[in-house]
Amino acid sequence: MQEFDFIVVGAGSAGCILADRLTEDGRHRVLLLEAGAADRSMWLRMPLGFAKLYQHPRYNWRYHTTAQPELADQRVYTPRGKVLGGSGAINALVYVRGQRADFDDWVAQGNPGWSYDDVLPWFKRLESHPLGDTDWHSGSGKIRITRDAVHPICDAFFAACAALGHCANADFNGAQLGGYGVYDVNTRNGRRDSSGTAYLRPALRRANLVVHTQALVERVLFDAQRGAVGVEVLVRGQRHRFGARREVVLSAGAVATPQLLQLSGVGDAALLQRHQIPVLQHAPAVGRNLQDHLCTSFFLRANRSTMNDQIRHPWQQARALLAYWFRRRGLLATTVKAGGFLSTAGPGGLPDVQLYFNPLSYQLPDNGGAPRLTPYSGYTIFFSPCRPSSRGSVQISSANVHEAPRIDPAYLSTGQDRQAAIAGARLVRSLLATRALAQVTAAAMQPVPAGDDDDASLLQFVRAHSGSVYHLCGSCAMGSDARLAVLNNQLQVHGVSRLRVVDASVFPNITSGNINAPTMMVAEKAAALLLLHRP
C-alpha cells in the first residue's frame, strides 16, 4: 500500500488550499484525491461561464434534495462541483466573508479560536485585495479580489435602497457588512481565480504532491490502535488502497463528507445498521445540522437596455466571445456584482437579508441544461435571509458509494424562517415600489406581491418562487458535545483519531452571505493546525 504523510479527500475550495499549504515546505508527502475531472474547460476560466456549468454532467454532481414540504414538495436542484476546484470552480464568484456575529456564534457553540477576531488574519492571508494592506485586507494573498464597474441599470437599484433609508457600503468585507453596493469577486485579469487556480495549479509542480482525478473514495480505512490509516478508492475504475502516516483529511464538501463518514462506519448507529454497515463509531451528529440559504427570485421586464440586449443575438454572443478570448474583457469576464445586506427591520438594524441585483433576465429549463436568456430586456432581484434556523440532514441512501445520498435541507421548517421569508419578500416589494425602480420597470414577469398582500400571500409567493442559492454547509459541525457535533475545535472527528474534516460541513452555523470565502478561510486555518499537530 503506497503511503503518504497526509491524504486529502476532495480537491474543492478547501482541499486545494490544503494540498498547497501542506506541501510548500517540502517536508510532507501529500495525496490529493478528486472524484471529478481535471479543470481544462474554458468555461471554468470564464467568469460568466458558470451559466454553462449549471447543469454540466462532467463538472457538476447535479444533486436534488428530497421533496420539500414547505416548497410544495419541490425537489430542489443542488449543483455541486465535480472538478478540481470543486464548487469554487463553478460558482458565481461573489466573495463575502460574513459578519462578526456569525463567527462569534461559532465560539458560543463550543469552538474557542474561531471568533471573528481569530479568523480575520486567515481571511487576510487568503486575499490579494485592491485596497492593499489595511486593518481589514491584505494585498499579498493568493486569491485575487476585484471590484469592477456595474451595468448602468444597477444605479436604479442603489437609488431604491437609498430611497428606503439604507446606506451605501463601499466594502462588504470591511468594518461592517450592512448596506448596498458592489460585491467583491475573485477574478484575476478577467479569469476566475479559485483555490484550484491560485493554490493548486502552482503546487502541481512539487514532487511531494500527488493528485489523482476521477478518484472516488469508497471508505476510510481504520486501525483499532491508530485510528484512520488510509483510504480505499476507485481510480478510473481500478480499486486502490493508500496509507496515511499522519492523518486523513476529508474535504469532500457538505454532501460527500458526511456520506463518506457514514459509508466508513462513522455515523448514527441506527442508520448504519439499516444499511448493513459495521459501526466503527456511533456519531449521531454526522449528516445533521445541514443548512442552506433559500433564495427567492423576482423577474422583471425593463423598459431600457440591460445585459440581455448585449448578448441576445448569435452575432453579439460571438463578438462577446472574441472580446473575451483576445482581451479577457467584456460581458463574459463579468458576473453578479450588485447587491447588499439590509435589515428588514429598517435602516440601521442588523443585516438579516442578502440581496442580489442582476441586470440580466433568464429562464431555467425544466428539463435541465444551461439557463436561457429571455428575449427581452430584463433584470432580476433575489433575496436570501442571512441566518436561517432550519436544520436538515444528509444521509446515505444505501451502502453503495455511487448512489447519491438523501439531501434534506428542511427549508422553511421553522416559524422563524417563514417570518424571515415574509419580511424579505416585503422588503423587495418595497424596493420595486420606489420611484427609482418603477421608472426602469415595464412589467413583472411573474405575479409580484401587491402592496396590500397579507403575510399568507407573501409566504405563498416565496414557496412558489424559491430555490437553493447553493450554500450547503454544517453537516459535520464543530462543537464540544459529541452528541450534537461531529468535530472538536481542532476539526478532529470526535472519538476517532487521525481523522479531520476541512470544508463547509464544519460550520456550526451558516454565515451571512456566500460561503466560498469562509470555506477557504477554514482551510487556511486548518493547514496551520495540521502542521502544528504532532501525532
Side-chain angles (χ1 to χ4, degrees), residues 12-15 17-18 21 96-126 177 227-228 247-254 257-258 261 266-267 281 283-293 350 386-394 471-534:
S13 294
I17 292 175
L18 290 176
R21 294 301 189 194
V96 174
R97 294 172 179 172
Q99 56 188 319
R100 176 178 289 272
D102 299 335
F103 302 99
D104 291 347
D105 285 351
W106 289 16
V107 175
Q109 295 178 65
N111 300 293
W114 291 91
S115 71
Y116 183 77
D117 288 336
D118 291 322
V119 301
L120 179 58
W122 301 106
F123 275 120
K124 293 171 69 174
R125 181 172 169 81
L126 274 174
L177 183 69
E247 295 195 41
V248 175
V249 185
L250 304 185
S251 297
T257 285
L261 282 172
V266 180
Q281 175 72 25
V286 171
R288 297 182 183 174
N289 195 52
L290 180 68
Q291 300 155 62
D292 188 19
H293 287 130
L350 187 70
C386 288
R387 288 284 300 273
S389 59
S390 296
R391 297 293 183 268
S393 63
V394 176
H471 296 166
L472 297 182
C473 64
S475 50
C476 291
M478 289 186 284
S480 56
D481 189 339
R483 297 169 300 174
L484 305 175
V486 179
L487 316 170
N488 63 20
N489 71 317
Q490 303 293 298
L491 306 177
Q492 297 162 316
V493 177
H494 286 301
V496 181
S497 60
R498 295 163 46 106
L499 181 63
R500 298 200 206 208
V501 174
V502 181
D503 55 32
S505 69
V506 313
F507 293 16
N509 52 259
I510 198 167
T511 53
S512 299
N514 310 73
I515 67 168
N516 191 236
T519 301
M520 292 191 290
M521 174 277 294
V522 166
E524 280 280 17
K525 183 173 169 67
L529 293 174
L530 282 157
L531 292 173
L532 287 173
H533 176 64
R534 292 292 180 267

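If you're wondering where the values come from, they're calculated on a predicted model, not measured in any experiment. Values reported hereafter were calculated over all heavy atoms of this structure, with side chains retained and with hydrogens, waters and symmetry mates removed.
Relative orientation of the His293 and His471 rings is perpendicular, given thresholds of 30° and 60° on the angle between their planes. Using cut-offs of 30° and 60° for the angle between ring planes, the Phe123 and Phe103 rings count as perpendicular.
Counting only heavy atoms from C-beta outward, the side chains of Arg97 and Leu120 approach each other to under 4.5 Å. For the pair Arg500 and Gln490, the minimum side-chain heavy-atom distance is below 4.5 Å. In this structure, Leu250 and Val248 have side chains that are in contact, with non-hydrogen atoms separated by less than 4.5 Å. Side-chain contact between Arg100 and Asp117: present, with at least one pair of heavy atoms (C-beta onward) separated by less than 4.5 Å. With contacts defined as side-chain heavy-atom distances shorter than 4.5 Å, the pair Cys476/Val506 does not qualify. Looking at heavy atoms from C-beta onward, Gln99 lies out of side-chain contact with Tyr116 at the 4.5 angstrom threshold.
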Problem set entry | side chain to side chain contact (heavy atoms under 4.5 Å, CB included) evaluation trace for Leu261 with Leu499 | CA-CA 10 Å; Leu261 282 172; Leu499 181 63; 3.8 Å; yes
Exercise. Under the side chain to side chain contact (heavy atoms under 4.5 Å, CB included) criterion, do Ile17 and Leu126 qualify, and how do the steps go?
Worked result: CA-CA 10 Å; Ile17 292 175; Leu126 274 174; 3.9 Å; yes
Problem set entry | Full working for side chain to side chain contact (heavy atoms under 4.5 Å, CB included) between Val394 and Val286 | CA-CA 8 Å; Val394 176; Val286 171; over 6 Å; no
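Checked against side-chain hydrogen bond (donor to acceptor under 3.5 Å, both in side chains), Asp104 has no partners two or more places apart in sequence or in another chain. Judged as a side-chain hydrogen bond (donor to acceptor under 3.5 Å, both in side chains), and not counting sequence neighbours, the contacts of Thr257 are Asp503. Every residue meeting the salt bridge (charged side-chain N to carboxylate O under 4.0 Å, His left out) condition with Arg21, not counting sequence neighbours, appears here in chain and number order: Glu24, Glu524.
Within the structure, salt bridge (Lys or Arg N to Asp or Glu O under 4.0 Å) contacts touching residues 504-521 (residues at least two apart or in different chains) do not occur. For residues 509-518, no residue pair satisfies the salt bridge (Lys or Arg N to Asp or Glu O under 4.0 Å) rule, not counting sequence neighbours. Applying the salt bridge (Lys or Arg N to Asp or Glu O under 4.0 Å) definition to pairs two or more places apart or across chains, those involving residues 475-488 are Asp481-Arg483.
Checking side-chain atoms of Asn514 against main-chain N and O of Val96 turns up no donor-acceptor pair under 3.5 Å. The closest donor-acceptor contact from the side chain of Asp105 to the backbone of Asp102 lies at 3.5 Å or more, if one exists at all.
Nearest approach of Ala477 to Ala485, heavy atoms of both residues: O-CB, 3.5 Å.
Defined by atom type and a distance below 3.5 Å, a donor-acceptor pair is missing between the side-chain atoms of Asn509 and Gln291. A donor-acceptor pair shorter than 3.5 Å can be found between the side chains of Ser115 and Asp118.
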